[in-house]
Structures are given as structure tokens and as C-alpha cells.
Amino acid sequence: MQIPNWPVSSERELELLREVLDSGRWGGHSDLVKKLEQAFAAFAHCKHAVSAMNGTVTLEMALSAAGVGAGDEVIVPAISFVSTAMAVSRVGATPVFVDIEPLSFNMDAERAAAAITKRTKAIIPVHFGAAIADMDRLLPLAAEHGLAVIEDAAHAQGSEWNGRRAGGLALAGSFSFQNSKVLTAGEGGMITTNDAAFAEHVWSIMDQGRKPGGGWFHHYLLGTNYRIGGFQAAVLLAQMERLPEQNARRTRNAALLRAELADVRGLQFQEIPKQQSANTWYLLLGRIDARRMGRTRDEFHRALTARGVPCTPFYPHPLYGNPLYQDGGCRVEPCPVSEECIGDAFWLPHRALLGDEETTRQIAGAMMKACQEVFA
Ligand SMILES: Cc1ncc(COP(=O)(O)O)c(C=O)c1O
């Protein structure tokens with residue numbers, strides 16, 4: 001089975017890297033960093049984009065710029081990568097873990113509503129696997145309570161909700177360009193927003209409290225140095241040129257794979273909301289209900305990987321199960337769905353959706369066989 005490797009690169013990366021080398025401006029003030037921010041803002045259908053070192057500090061910066069700090073609570077889903085909660089803790093606020101919906105894997109708006117207190121300052125919906133969280137319910141809820149919404153769009157470069165791209169649906173969007181992401185320079189991050197003052201604030205945090213266009217030795221607020229360099233920008237600009245075609249290929253292959261396996265009883269793929277007009281397919285997510293046969297998701301995972309298909313048996317625990325949060329520092333709402341998913345969910349990485357049609361049919365065949373083995 002010819003499942004493509006990830007990440008991919010070509011002469012184009014080398015060409016742009018050479019441009020940075022020859023420019024003599026290798027750091028965060030490279031022209032290519034500016035170009036990248038402009039290109040990404042346009043890509044995300046946003047007015048502003050500010051780059052930073054990774055998709056964890058972008059969340060921290062967005063929270064700080066939204067005025068979130070000590071004594072505040074921020075609602076996050078119990079299922080995500082740890083950064084979604086860790087960023088909240090790093091700014092001195094308390095993450096409040098709420099449950100996800102059973103098949104979208106995204107924050108349950110009703111659970112979020114039930115978790116709001118006088119201390120709540122913000123909500124961070126994660127577009128898990130690139131499926132957009134239910135913004136039709138989360139945005140009005142936040143507006144009603146005066147809460148900032150920061151999209152954790154680390155998985156969702158190019159996903160759309162009713163024609164509007166991830167990162168432009170709320171106050172701010174936070175993106176990651178870490179190695180596994182659909183747009184990558186090994187490490188990197190971006191904040192998108194349509195609010196000019198907010199963009200200036202996060203830019204200033206990222207660049208030592210300077211003002212855009214201001215003097216090098218003039219510092220106006222407590223910032224830090226979270227700049228990316230020209231080399232990362234060069235790689236990301238080259239990767240961006242390939243992204244639309246890759247997103248289209250993943251979309252085609254995901255549709256084929258899901259159609260081939262649509263009738264397998266006990267296998268349910270992630271539910272994609274009807275408002276989602278484009279999907280980046282960072283992860284192909286599903287749940288396995290093999291309990292009636294006395295079998296487990298882990299057996300499915302073993303059967304699939306034995307056939308050469310890369311598969312991850314979900315997270316080992318909801319975020320509050322990490323030792324970091326075992327002794328407090330968070331609030332945990334009831335999360336029965338998250339707990340269930342730990343035992344029965346799985347994902348395939350997006351590179352499994354980047355092959356040709358024949359490879360996709362082979363993956364579907366391997367998944368079918370793994371299901372037959374587990375459900376037999
Ligand atoms: C949902 C989510 N948010 C944030 C991050 C953090 O990104 P980074 O690794 O760039 O810090 C990740 C990374 O995997 C993620 O999956």
C-alpha cells in the first residue's frame with residue numbers, strides 16, 4: 001500500500017529558503033514573514049494574521065489580548081490536545097472542561113452553557129479533526145454572556161462554516177503549523193482576526209511589546225519574543241501553494257472511504273455538520289462499537305495497523321485525566337461522552353487521505369477486513 005509520507009516538500013521550498021538566505025534578513029522581520037501573514041489572512045478570509053512560534057503560544061497570546069487572566073474561567077472541551085487547556089493555565093486562568101457531542105467530537109454547546117459562571121471570560125471551541133464546532137449555537141451563547149470566543153483552529157486550515165473559513169468566525173482564530181498539521185514548517189503558529197486593535201495587541205505581545213512600525217527600542221506593553229523566522233515563513237509559503245489541491249484530494253478520498261464503509265454496522269465516522277461547506281480532513285475520525293461482540297477498539301486498531309494502515313487509538317484520557325490537572329487547577333463538568341470516546345474512538349492521520357484512488361480503496365478494504373475481524 002503506497003500511503004504517502006508527511007510532510008512533503010519540493011524545489012519550491014528550497015527556492016524560497018534561498019530567497020531568505022540571500023536577503024540577509026533571516027529573523028522575524030524578514031519580508032517573507034510579512035508575505036506569509038498577508039497570504040494567510042487572505043486564505044482564512046480575515047483582515048489580519050499574526051504569526052508566532054507555535055499553536056500553543058498563539059492561544060496564550062489571544063487569551064491575554066482578550067483580557068483573560070488570574071481569577072477567570074475559560075470553557076474548553078475535555079477532548080483536545082493539551083495546549084487548549086494549558087494555554088488557559090499559562091495565563092493564570094482556570095480551564096473548565098466540558099463534554100463533547102457523541103459524533104462530532106466537538107464541544108457540546110448545551111454543556112458549555114451549563115458551565116458558565118460569573119467568572120467565565122471566554123470559550124475555546126476546538127474544530128476537532130477539522131470539523132467545525134457548532135458555531136451557530138456557541139456564538140450566540142457567548143454573545144449573550146459577554147464572552148470572548150477564540151477558535152482553536154489548529155486542525156482546520158481551510159475548513160469552512162457556511163462559506164466562512166475557520167479563524168474568521170469569532171474574535172480570533174489560532175492555528176498550528178506543527179509537523180503533523182496540514183500546513184507545516186515543523187513548528188509555527190498564526191492568529192487570525194478581523195479586529196484591528198486586537199491584531200495590534202497580539203502582534204505587540206509577539207514582538208517584545210513594540211508597536212507595529214514603532215522603534216526597535218520602544219516597548220509599550222509586557223510582550224515577549226514569539227517571532228517565527230524567515231526560514232519558517234519560506235517553508236509555509238511554499239506549503240500554502242499546495243494546500244488547496246491537498247485539501248481537495250483529502251476531501252475526495254474521505255468521501256470515497258466513508259462511502260465504501262457506510263454500511264458497516266458498529267463503525268461510525270465523525271458526523272460533519274450540514275453547515276460545514278469545506279473540510280480540511282486533518283483527521284479521519286470514527287468510533288467502534290464492538291462491545292456487543294465482546295471486542296474492543298484496541299482490537300480494531302491492532303487489526304488495522306497489522307494491515308499497514310496508520311491509526312491512532314484516540315487519546316489515553318480526557319484532558320483532565322492528565323497528571324497536570326489531577327490535583328486541581330481546573331474545573332471538571334460531567335463528561336460521559338468524552339470518557340466513552342477514550343475507549344472506542346480512533347483516527348487515521350490525514351496522510352492516509354493523500355494517496356491516489358487505488359490506495360484509498362486499499363485502505364477502505366483494510367478497514368473493512370479489520371471490522372469483519374472485530375465484529376465477527
Ligand atoms: C487542538 C490543538 N490545539 C493546539 C495545538 C498546539 O499546537 P503546537 O503544537 O503548534 O503548539 C495542537 C497541536 O497539536 C492541537 O492539536
(request) Give a yes or no on whether a salt bridge exists between R242 and E13, defined as a side-chain N under 4.0 angstrom from a carboxylate O. (result) yes
(request) Answer yes or no: is there an ion pair linking E333 with R111, defined by an N-O contact shorter than 4.0 Å? (result) no
(request) Taking atom types as modelled, find out whether H201 and D195 have a side-chain donor-acceptor pair closer than 3.5 angstrom. (result) no
(request) Go through the side-chain N and O atoms of Y282 and S159 and say whether any donor and acceptor fall under 3.5 Å apart. (result) no
(request) Check for a donor-acceptor pair, side chain of R210 on one end and backbone N or O of W216 on the other, with a separation under 3.5 Å. (result) yes
(request) Would you confirm whether Q362, through its side chain, and I3, through its main-chain N or O, come within 3.5 Å as a donor-acceptor pair? (result) no
(message) Please tell me whether T56 and R90 have a donor and an acceptor in their side chains that are separated by less than 3.5 angstrom.
(response) no
(message) Less than 3.5 Å apart, any donor N or O on the side chain of Q372 or K369 sitting next to an acceptor on the other?
(response) no
(request) Mind running side chain to side chain contact (heavy atoms under 4.5 Å, CB included) on V149 and L171 for me, showing each step along the way? (result) CA-CA 6 Å; V149 177; L171 171 64; 5.6 Å; no
(request) Return yes if some donor-acceptor pair links the side-chain N/O of Q275 with the main-chain N/O of E160 below 3.5 Å, else return no. (result) no
(message) Any donor-acceptor pair under 3.5 Å linking the side-chain atoms of Q2 with those of T359?
(response) no
(request) Ignoring hydrogens and angles, state whether a donor on the side chain of S174 or D152 is under 3.5 Å from an acceptor on the partner side chain. (result) no
(request) Step by step, work out the side chain to side chain donor-acceptor pair (under 3.5 Å) result for K35 and Q38. (result) CA-CA 5 Å; K35 265 193 202 161; Q38 283 163 359; over 6 Å; no
(message) For F375, does the six-membered ring have the charged nitrogen or CZ of R265 within the cation-pi criterion, i.e. under 6.0 angstrom from the centroid and within 45° of the normal?
(response) no
(message) Tell me which one of K121, R119, R331 satisfies salt bridge (Lys or Arg N to Asp or Glu O under 4.0 Å) with D72.
(response) K121
(message) Please determine whether salt bridge (charged side-chain N to carboxylate O under 4.0 Å, His left out) holds for the pair R361 and E357, giving the CA-CA distance in whole Å, both sets of side-chain angles, and the decisive distance to 0.1 Å.
(response) CA-CA 6 Å; R361 288 192 187 281; E357 186 180 327; 2.9 Å; yes
(message) Does the plane of the ring in F40 sit parallel, tilted or perpendicular to the ring in F175? Use 30° and 60° as the thresholds.
(response) perpendicular
(message) Assess whether a salt bridge exists between E299 and R302, defined as any Lys/Arg side-chain N lying under 4.0 Å from an Asp/Glu carboxylate O.
(response) no
